[in-house]
Number of protein chains: 2
Amino acid sequence: MELKRREEDYLEAIYEISKRKGKARTTDLAEYLGIKPASVTEMLQKLAAKGLLEYHRYSGVVLSKKGEEVALSVRERHDTIRELLKYLQVPPDIAQRDACIMEHNLSPITIIQLKKFINFIKNCPKNAPIWLEHFKKYSETGEFDCREECEKI
Amino acid sequence: MELKRREEDYLEAIYEISKRKGKARTTDLAEYLGIKPASVTEMLQKLAAKGLLEYHRYSGVVLSKKGEEVALSVRERHDTIRELLKYLQVPPDIAQRDACIMEHNLSPITIIQLKKFINFIKNCPKNAPIWLEHFKKYSETGEFDCREECEKI
DNA sequence: ATAAATATTTTGGTATGCCTAAACTTGTAA
DNA sequence: TTACAAGTTTAGGCATACCAAAATATTTAT
């Protein structure tokens, strides 16, 4: 079953709220997603019909196994993107927001490449690669700080 | 006036088609966007009402100055993202597709950072930075190819 | 010039995802 | 324990963006 991006948003929100409160209630979700409770109820009923969560009127909701799997995979994509943006010196709050936008429809291949790039940075034998430092400086000042070293490499 | 992502898609499509044919016709757009002509007509009328293009029934459409400005700015964002993905070793066709998805809602700050990163790569004194070569190899083989050099830097 | 083919628009309908207002539950405090 | 406040759901509506089918306009071929 092919999930819509908004459905993924809800599942991710439910996951995050449940992590703290055990279950997610209509009002929590409405606040988290910046919409009205009535709209939340409607979507929860749809997601329940698809077997992605347990819904009983007037109680909160809890993700099903399937729903949780989806939520986790969305969150992983989200974190991947956010981490990339972090390395590209995007301020954390903006990286967070933009990761939300990108997390849904990117090709799995793109996500894999983003991950590889992150791992390349993190696991490089010299573990904070010098070129990343150089990029940070370039991003702030517009100046290349690596003239001599670059000649050598 | 705040434009919707779908409106931006149409303007971009019209721009691309006009570039080749002088103007964009309903059927061209329907094909380009993968939807039916009836839907195109509807949207063209909306965009005309917003002053983004010239619409006369049964002729094609041509972007207004304002419409062209929007199209160019969308295309620039698109190209920026596509270029980044290229450096991250995402295959060209997938980079193209995913740039279409991301081009709309990213924060201007994120776009600026992506551009800086691209310029950092392109304008580095040593103009194909060695670390990018190393990433390419890492992306293909999973192995770091830079052990000794990294020690030195 | 006119009929046939092609292109475009109009009309009426669908799904998504949101809203407000009203109705209904639930929990709590008097 | 009952009444009220807070939370939730239902009902009716709206905007977007699509579709199919029917109506209309344009182009092309004879």
Side-chain angles (χ1 to χ4, degrees), chain A residues 1-14 17-18 20-63 67 70-71 74 97 100-101 103-105, chain B residues 1-14 17-18 20-63 67 70-71 74 97 100-101 103-105:
Chain A
M1 181 213 334
E2 183 68 354
L3 283 202
K4 302 277 149 48
R5 57 174 293 144
R6 203 46 173 150
E7 294 176 326
E8 290 186 349
D9 284 333
Y10 274 83
L11 294 177
E12 203 184 0
I14 293 163
I17 292 168
S18 302
R20 277 181 273 112
K21 303 202 175 180
K23 63 179 177 174
R25 304 221 329 284
T26 302
T27 315
D28 301 330
L29 282 164
E31 198 193 344
Y32 190 101
L33 296 166
I35 59 180
K36 300 291 166 182
S39 313
V40 172
T41 299
E42 206 176 347
M43 181 65 106
L44 293 182
Q45 289 166 351
K46 268 183 222 162
L47 294 170
K50 292 192 175 188
L52 294 159
L53 48 78
E54 293 293 329
Y55 172 76
H56 301 291
R57 310 158 76 243
Y58 297 102
S59 330
V61 293
V62 180
L63 292 178
V70 173
V74 176
R97 201 186 67 88
C100 286
I101 292 166
E103 73 196 9
H104 299 290
N105 301 313
Chain B
M1 179 213 334
E2 182 69 357
L3 284 201
K4 303 278 149 49
R5 58 175 291 144
R6 204 46 175 152
E7 294 176 325
E8 291 187 348
D9 283 334
Y10 275 82
L11 294 177
E12 204 186 0
I14 293 163
I17 292 168
S18 303
R20 281 183 268 111
K21 302 202 175 181
K23 62 178 179 175
R25 304 220 330 284
T26 303
T27 314
D28 301 330
L29 282 164
E31 199 194 342
Y32 191 100
L33 295 166
I35 58 179
K36 299 292 167 184
S39 314
V40 173
T41 298
E42 206 176 345
M43 182 64 107
L44 292 182
Q45 290 166 351
K46 266 184 223 160
L47 293 171
K50 292 193 175 188
L52 295 159
L53 47 79
E54 294 292 329
Y55 173 75
H56 302 291
R57 309 160 72 245
Y58 297 102
S59 329
V61 292
V62 180
L63 293 178
V70 174
V74 176
R97 201 187 67 88
C100 285
I101 292 165
E103 72 196 11
H104 299 290
N105 301 315

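Remember, it's a predicted structure, so these values are computed and weren't measured experimentally. First the proteins, then the strands, lettered A, B, ... as listed; each starts at 1.
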Comparing A/Lys46 and A/Ala38 on DNA chain C - which has the more 5′ nearest nucleotide: A/Lys46
Sugar-phosphate only, base, or nothing, as touched by B/Gln45 at under 4.0 Å among non-hydrogen atoms: sugar-phosphate
Sugar-phosphate only, base, or nothing, as touched by A/Thr26 at under 4.0 Å among non-hydrogen atoms: sugar-phosphate
Whole Å only: how far is the [atom1] atom of [X] from the [atom2] atom of [N]?
X        : N      : atom1 : atom2 : answer
B/Met43  : C/dT9  : CE    : C1'   : 17 Å
B/Lys4   : D/dC18 : NZ    : P     : 13 Å
A/His104 : C/dT16 : NE2   : P     : 17 Å
A/Asp28  : D/dA6  : CG    : P     : 16 Å
B/Leu47  : D/dT16 : CG    : C1'   : 13 Å
A/Leu33  : C/dC19 : CG    : P     : 10 Å
B/Lys36  : C/dT14 : NZ    : P     : 19 Å
B/Tyr55  : C/dA7  : OH    : C1'   : 12 Å

N/O (side chain, B/Ser39) to phosphate O (OP1/OP2, D/dC19) under 4.0 Å: yes
Under 4.0 angstrom between A/Tyr10 side-chain N/O and C/dC18 OP1 or OP2: yes
Non-hydrogen atoms of B/Leu29 and B/Ala13 that approach each other most closely: CD2-CB, 3.7 Å
Short side-chain to backbone donor-acceptor contact, A/Ser18 and A/Ile14, under 3.5 Å: yes
Comparing A/Arg57 and A/Glu42 on DNA chain D - which has the more 5′ nearest nucleotide: A/Arg57
Looking at the side chain of [X], which of [options] is the nearest nucleotide?
X       : options                : answer
B/Ile35 : D/dT9, D/dC18, C/dT16  : D/dC18
B/Thr41 : D/dC18, C/dC19, C/dT10 : C/dT10
B/Tyr58 : D/dA25, C/dT20, D/dT9  : D/dA25

Side-chain ion pair, A/Lys50 and A/Glu7, N-O less than 4.0 Å: yes
Enclosure of A/Gln45 CD (heavy-atom neighbours >12, cutoff 6.0 Å): yes
Straight-line distance of B/Leu47 CG to B/Glu8 CD, nearest 0.5 Å: 11.0 Å
